[in-house]
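In what follows, a single structure is set out as structure tokens and then discussed.
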Amino acid sequence: MSSTDLDNKAKSILIENDQGGYTIPTKGLYPYQWNWDSVFVALGFDTFDQNRAWREIEMLFEGQWRDGMVPHILFRKDDPSYFPGPSVWGTDGGPIPSSGHSQPPVAASVVQTLVEHDRTGTAQERAAALLPKLMDWHRWYLAYRDPKNLGVIAVIHPWESGRDNLPDWDDALRAVEVKDIAPYERKDTSHVDPAMRPHKEDYDRYLSIVAACRNVGWDPARVAETCPFFVADPGVTFIFLRANRDLLKLAERLGRNREAEEIRGWIARMEKGAKTLWHEGLKAHVAFDERSGKLSDGISSASFLAPYAGIADDTTLSALQAHFDRIASKVRYLMPSYDPDHKGYEPLRYWRGPVWAMINYMIAQGFAEAGDTARAERLRADTARLIETGGFAEYFSPETGAGAGGGAFSWTSAIWLSWASPSHAKQAA
Ligand code: DGY
């Protein structure tokens, strides 16, 4: 397929997955609105229908909880093809049935991008309407995912990280007692090869964490205090720090001085806190289990998001460049979601090795901003080759380039349109 054919195919995937203002990640496997999927999808719509791009994010915020949280899934209609559905979550925090925790807060960054690209003349107004909602969500993150004021953001569930079965969670997840779960039937493995999905032992614990939080009524302070899983995540921490920098730009552009001042305080807190995640032996930022006090022992693709978060001092950048080149000598396509030299690495199992297009987009953005345009371009070229050979898959083998997980995937299409496609790269140059 030529790149123009792929551009057209990517657009048609977004249009087919559109449910009337919001987009599902893919048919079958994920039939609802997912938080960070939707936000990346807005970048895809931004290339051909900016009004629709804004609508995607506005509809996500329609599900915001009273306490400020923006849930990871909005169950706008019942769909028996997905498990666990709304009755398992048992939440009551917002206007739309939803899951009970959040997902990486990329929204402020994408809103800032939409404002910069605006051709409609309505962006300032739409961004101004979203600003207080973004502020509330970010305040919620600081209050309930960093209750000890460490300057790092914890996740209460592997699903909240968006990187479900990452080896970083293995020890903390194993420590979760399996209890309070009714017999259940997974649906994901009827849509996708089980070898590409988490194990049953993982699912038992995913559901046990949901049960523990449901037992405290999803009260955010009680969840933070009692949830059996509470791990500071370099992925969410770096995405949140970046989102705060973009939110600050937005507040300044809109002349919202009080908000800008508040956000500057958040950035200072996070910049200091990020050091907590630095693993001196590995020379990279890793996860930190706040319950056990242990750092994880491997490098994930989120370790490479430090420059995206604006952490690009010489020590960090040169260590990441060395890891980048080492990993590039082991696999054909970058950036695997986990270090191929680690025992937990599996090239086709979801977040234990596969390459994800939207992570490459964020890593490349950070490297380019830090002046490393060569490695940023390598990531773009690899992402383009993966899509050219593996199609618009959910994720890809870093070794063979084979597409894996769900097909006709929305965020892969969006990242193609907004960044990886050669036609976009030419326009941007
Ligand atoms: C799933 O169902 O696998 C999702 O990743 C949870 O968000």
Side-chain angles (χ1 to χ4, degrees), residues 17 22-41 60 63 69-76 78-91 96-107 155-169 173 176 181 184-211 213-214 218 229 231 233 235-236 239 300-302 337-338 346 348-354 356-359 393-395 404-407 409-412:
N17 288 340
Y22 76 92
T23 309
I24 56 170
T26 185
K27 295 208 175 98
L29 185 61
Y30 303 123
Y32 298 111
Q33 186 174 20
W34 258 261
N35 186 322
W36 71 330
D37 288 79
S38 238
V39 175
F40 284 114
V41 156
L60 176 66
M69 198 263 280
V70 183
H72 108 287
I73 309 176
L74 297 181
F75 301 112
R76 287 176 184 274
D78 238 355
D79 195 317
S81 69
Y82 183 78
F83 176 85
S87 62
V88 178
W89 288 93
T91 61
I96 298 171
S98 75
S99 61
H101 56 64
S102 202
Q103 234 181 359
V106 280
V155 290
I156 61 131
H157 196 297
W159 289 338
E160 189 164 59
S161 74
R163 301 185 297 147
D164 303 5
N165 65 341
L166 194 74
D168 285 0
W169 318 138
L173 197 61
V176 171
I181 57 173
Y184 67 95
E185 191 197 331
R186 284 173 68 173
K187 299 288 169 73
D188 58 322
T189 43
S190 66
H191 300 291
V192 168
D193 180 353
M196 298 173 182
R197 295 289 302 173
H199 294 284
K200 178 179 187 309
E201 297 75 54
D202 300 326
Y203 257 78
D204 287 348
R205 288 169 179 81
Y206 295 161
L207 294 170
S208 300
I209 301 172
V210 169
C213 298
R214 197 179 55 224
W218 293 103
F229 188 96
V231 184
D233 172 14
V236 175
I239 286 169
S300 73
S301 49
S337 41
Y338 217 71
E346 292 179 73
L348 278 176
R349 201 181 287 280
Y350 209 29
W351 285 97
R352 301 181 77 87
W356 294 72
M358 79 299 178
I359 299 279
E394 183 177 9
Y395 43 90
F409 221 84
S410 295
W411 66 12
T412 310

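Since the structure is predicted, the reported quantities are computational estimates derived from the model, not experimental observations. In each ligand, atom 1 is the first atom listed, and ligand 1 is the first ligand listed.
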Numbering the atoms of ligand 1 from 1, which are under 4.0 Å from a heavy atom of Asp164?
1 (C), 3 (O), 4 (C), 5 (O), 6 (C)
Main-chain N/O of Asn17 paired with Thr23 side-chain donor or acceptor, under 3.5 Å
no
Are any of the N/O atoms in His72 less than 3.5 Å from those in ligand 1?
yes
Ignoring hydrogens and angles, tell me if any N or O in the side chain of Tyr32 forms a donor-acceptor pair with the backbone of Gly85 under 3.5 Å.
no
In terms of atom number and element, which parts of ligand 1 are under 4.0 angstrom from non-hydrogen atoms of Tyr82?
1 (C), 2 (O), 4 (C), 6 (C)
Whether the side chain of Asn35 engages the backbone of Val70 through a donor-acceptor N/O pair (distance < 3.5 Å, no angle test) should be reported.
yes
Does Trp34 have a heavy atom less than 4.0 Å from any atom of ligand 1?
yes
Are Arg197 and Asp193 ion-paired here, with the side-chain N under 4.0 Å from a carboxylate O?
no
For Ser99, give me all partners under side chain to side chain donor-acceptor pair (under 3.5 Å), at least two apart in sequence or on another chain.
His72
Going by the order shown, which atoms of ligand 1 are within less than 4.0 Å of some heavy atom of Tyr30?
1 (C), 2 (O), 3 (O), 4 (C)
side-chain hydrogen bond (donor to acceptor under 3.5 Å, both in side chains) between Arg163 and Ser337, worked out
CA-CA 9 Å; Arg163 301 185 297 147; Ser337 41; over 6 Å; no
Distance-only N or O hit between ligand 1 and Tyr350, under 3.5 Å
yes
Using a 4.0 Å cut-off to any heavy atom of Arg197, which atoms of ligand 1 qualify?
1 (C), 3 (O)
